[in-house]
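For the numbers below, each heavy atom of this structure counts, side chains included, while hydrogens, waters and symmetry mates do not. Values in this document were obtained by computation on a predicted structure and should not be read as measured data. Each ligand, and each atom within it, is numbered from 1 in the order the structure gives.
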Amino acid sequence: MSLPLPLLLLNILFSILLLPTPTTQSLPVAPISKDKSTNLFTISVSTKTPLRPTKLYLDLGFLFPWMVCDGATYNSSSFHSITCDPTFCADLGFGGLSCDNCTDFGPPDPNCVPSNLVCGAFPENPVTVDSISDEVLVDTLSLPTTDGPTLHHLPNFTFSCALSTLLKGLPKTATGLATLSRSKLSLQNQITPALNSFALCFPSSSKATGVAIFASTGPFYASLPSSSSSSKIDLSEYFIHTPLLINPVATGDTEITYADTLHSPQYFIGLTSIQVNGHSVPVNASLLTIRQDNGFGGTKISTATPYSVLESSIHKAFTQLFVKESSSSAFNLTPVSSPVKPFSVCYRASDIAVTRVGPLVPTVELVLHAANVVWRVLGANSMVRVTNKKKGLDLWCLGFVDGGINKKTPITIGGKQLEDNVVQFDLQSNMFGVTSSLLSHSLSCSDVNAYYFPRD
Ligand SMILES: *[C@@H]1O[C@H](CO)[C@@H](O)[C@H](O)[C@H]1NC(C)=O
Ligand SMILES: *[C@@H]1O[C@H](CO)[C@@H](O)[C@H](O)[C@H]1NC(C)=O
Ligand SMILES: *[C@@H]1O[C@H](CO)[C@@H](O)[C@H](O)[C@H]1NC(C)=O
Ligand SMILES: *[C@@H]1O[C@H](CO)[C@@H](O)[C@H](O)[C@H]1NC(C)=O
């Protein structure tokens with residue numbers, strides 16, 4: 001059948017317009033922000049019907065997501081609770097069986113049917129380590145995609161309710177917790193259970209915006225800020241990879257002990273040594289290995305702490321070596337006599353030169369499973385600026401804090417050390433990837449965000 005020429009042209013034009021560009025794969029993405037007062041991160045999504053934008057504290061270790069929904073004030077036309085069937089409630093992934101009477105919670109839930117018990121859970125705030133009991137809800141959650149106006153829509157997003165009192169200690173803008181942990185109910189697993197792999201870029205300032213990229217094993221890109229608007233850079237060559245380790249014991253992760261949880265939902269990596277300026281910090285090696293019987297030992301990655309936390313003996317050895325290396329002729333730095341808590345080593349800002357990769361101090365290297373697999377921590381990720389005009393303070397403090405002794409996990413890599421790095425969690429292959437600072441390539445999380453949100 002032949003078409004008249006104008007129609008044929010129109011047809012071709014339409015095919016061109018409608019055909020997706022073969023190289024563009026539509027991925028669910030979401031902006032990440034840094035909260036100025038807590039130094040914790042939030043992820044922006046939309047929830048409820050009609051959809052409303054909301055920010056959730058971005059967590060990497062808790063078992064399930066939760067949102068504030070004090071019954072009477074939860075305004076959505078699409079939510080429902082789940083009638084309690086003991087096996088089904090347990091299978092959902094909230095960590096333990098609990099059936100609750102919906103009349104027990106906060107302000108009355110208008111949808112509560114008192115004669116039916118519903119699935120319940122124990123939402124917890126990982127920052128304050130507070131937990132409550134509340135009911136499980138199902139409602140919609142949407143997030144943007146790289147395909148322009150198309151949203152990635154989850155009609156059956158499953159989470160626990162919580163009272164607003166549980167938000168204490170989290171960013172003021174947050175209405176709940178989104179977990180990207182190793183668990184069935186994690187946000188990424190609810191988004192694409194078939195492709196549980198994602199990458200994150202945490203911004204270093206409340207004025208910049210980072211990004212979470214879901215359902216992708218890479219490549220991951222950044223826009224090149226200086227060149228023409230269409231050019232991009234594949235960040236693959238900057239990644240180093242190390243296995244994600246499983247801690248077999250979840251007990252101690254949370255206030256509530258879940259008897260039937262198989263393993264910890266937190267992310268562990270095999271840190272084998274810490275180096276400062278090429279010299280090893282002397283560390284009791286048994287602290288670096290996860291004990292299979294009680295889950296003690298090892299190194300985890302967490303956004304629940306704004307700075308890395310080191311067990312006391314490691315912290316002492318690390319800060320001593322850092323102070324020694326900083327006093328060498330290359331840096332010639334002397335710490336101030338009264339450091340600002342929670343830090344224990346601070347230098348006068350006027351004594352330190354600042355470069356594009358942050359203050360010029362000895363490089364910290366986290367050596368992962370092999371000698372050549374090194375996560376480099378430059379000044380921008382090792383030092384924290386502390387200012388107080390009233391007291392006339394202007395310092396750079398070493399952003400690794402003392403975690404005391406007998407902690408389940410002796411080393412926690414925290415928020416400061418993740419900033420302006422792209423970190424990848426690939427649960428298909430159980431690998432962790434990290435770029436080290438994008439600043440050393442004259443890039444930042446804003447440039448990664450700019451690639452995935454070109455319209456902003
Ligand atoms: C609930 O949301 C609807 C739709 O956005 C709005 O019209 C209504 O006023 C809201 N009700 C309350 C109690 O906030
Ligand atoms: C739930 O609590 C209400 C009020 O206390 C009570 O009337 C109802 O029987 C309870 N439901 C169940 C299934 O126990
Ligand atoms: C959501 O749940 C409803 C009711 O349980 C079910 O019919 C529907 O298939 C689910 N949708 C998805 C996308 O899982
Ligand atoms: C090393 O750490 C382990 C576990 O905390 C402890 O039992 C052992 O005594 C420590 N060894 C030394 C030499 O401090």
Side-chain angles (χ1 to χ4, degrees), residues 28 45-49 51 65 71-72 76-89 91-93 97-120 133-143 145 150-159 161 184-196 214-215 247 249 252 268 271-274 280-300 309-318 320 402-412:
V45 295
S46 295
T47 56
K48 304 178 183 173
T49 305
L51 280 173
S76 171
S77 62
S78 51
F79 77 96
H80 65 89
S81 50
I82 303 172
T83 303
C84 194
D85 160 322
T87 329
F88 184 66
C89 285
D91 282 351
L92 286 174
L97 163 66
S98 120
C99 287
D100 277 319
N101 188 329
C102 49
T103 61
D104 291 351
F105 305 114
D109 171 357
N111 288 22
C112 174
V113 183
S115 55
N116 292 342
L117 288 179
V118 295
C119 293
S133 164
D134 214 317
E135 65 182 295
V136 166
L137 281 194
V138 177
D139 203 348
T140 60
L141 182 144
S142 280
L143 61 169
T145 65
T150 311
L151 291 178
H152 189 92
H153 196 59
L154 305 177
N156 297 336
F157 180 63
T158 305
F159 61 99
C161 276
K184 193 170 172 182
L185 289 168
S186 63
L187 182 58
Q188 83 277 4
N189 202 38
Q190 294 203 52
I191 290 172
T192 43
L195 185 51
N196 194 339
F214 295 102
N247 186 324
V249 183
F268 287 78
L271 180 77
T272 53
S273 93
I274 304 175
S280 290
V281 176
V283 171
N284 177 344
S286 69
L287 294 172
L288 299 178
T289 314
I290 302 168
R291 277 180 56 170
Q292 300 297 299
D293 59 340
N294 63 8
F296 275 58
T299 302
K300 72 175 174 189
V309 182
L310 306 177
E311 183 271 345
S312 287
S313 71
I314 302 174
H315 184 261
K316 191 175 171 199
F318 172 68
Q320 279 176 355
D402 187 342
I405 55 168
N406 293 327
K407 281 276 179 61
K408 184 186 178 196
T409 302
I411 300 179
T412 301

Open item on the list: Please list, in number order, the atoms of ligand 2 under 4.0 Å from a heavy atom of S115.
Closed with: 13 (C)

TODO: Find the distance between CG (L287) and CZ (F296) and round it off to the nearest 0.5 Å.
DONE: 11.5 Å

- [ ] Considering the heavy atoms of P114, write down every atom of ligand 2 situated less than 4.0 Å from one of them.
- [x] 1 (C), 8 (C), 10 (C), 11 (N), 12 (C), 13 (C)

Open item on the list: Between T192 and A194 (side chain of the first, backbone of the second, donor and acceptor by atom type, cut-off under 3.5 Å), is there such a pair?
Closed with: no

- [ ] Could you point out which residue of V138, V118, L137 forms a side chain to side chain contact (heavy atoms under 4.5 Å, CB included) with I82?
- [x] V138

Task: Atoms of ligand 4 close to S286 [distance to a heavy atom under 4.0 angstrom, numbered from 1] - done: 1 (C), 2 (O), 3 (C), 4 (C)

Task: Those atoms of ligand 2 less than 4.0 Å from some heavy atom in N101 - done: 1 (C), 2 (O), 3 (C), 8 (C), 10 (C), 11 (N), 12 (C), 14 (O)

Open item on the list: What's the separation between atom OG1 in T158 and atom CG in L141, rounded to the nearest 0.5 Å?
Closed with: 10.5 Å

Open item on the list: Let me confirm one number: the CD-CG distance from E135 to L117, rounded to the nearest 0.5 Å.
Closed with: 11.0 Å

TODO: Check whether the SG atoms of C89 and C119 are less than 2.5 Å apart, and answer yes or no.
DONE: yes

TODO: Kindly compute the distance separating OG1 (T299) from CD (E311), expressed to the nearest 0.5 Å.
DONE: 11.5 Å

Can you pull every nitrogen or oxygen pair between ligand 3 and the protein closer than 3.5 angstrom?
{"unit_1": "ligand 3", "atom_1": "2 (O)", "unit_2": "N156", "atom_2": "OD1", "d": "3.2"}
{"unit_1": "ligand 3", "atom_1": "2 (O)", "unit_2": "N156", "atom_2": "ND2", "d": "2.3"}
{"unit_1": "ligand 3", "atom_1": "11 (N)", "unit_2": "N156", "atom_2": "ND2", "d": "2.9"}
{"unit_1": "ligand 3", "atom_1": "14 (O)", "unit_2": "N156", "atom_2": "ND2", "d": "3.2"}

- [ ] First locate atom OG of S142, then atom CD1 of I191, and finally report the distance between them rounded to the nearest 0.5 Å.
- [x] 10.0 Å

TODO: Using a strict 4.0 Å cut-off to heavy atoms of L287, name the atoms of ligand 4 that fall inside it.
DONE: 5 (O)

Open item on the list: Is it the case that ligand 2 has an N or O less than 3.5 angstrom from some N or O of T103?
Closed with: yes

- [ ] Would you give the length of the straight line joining atom CZ of F318 to atom CG of L310, rounded to the nearest 0.5 angstrom?
- [x] 6.5 Å

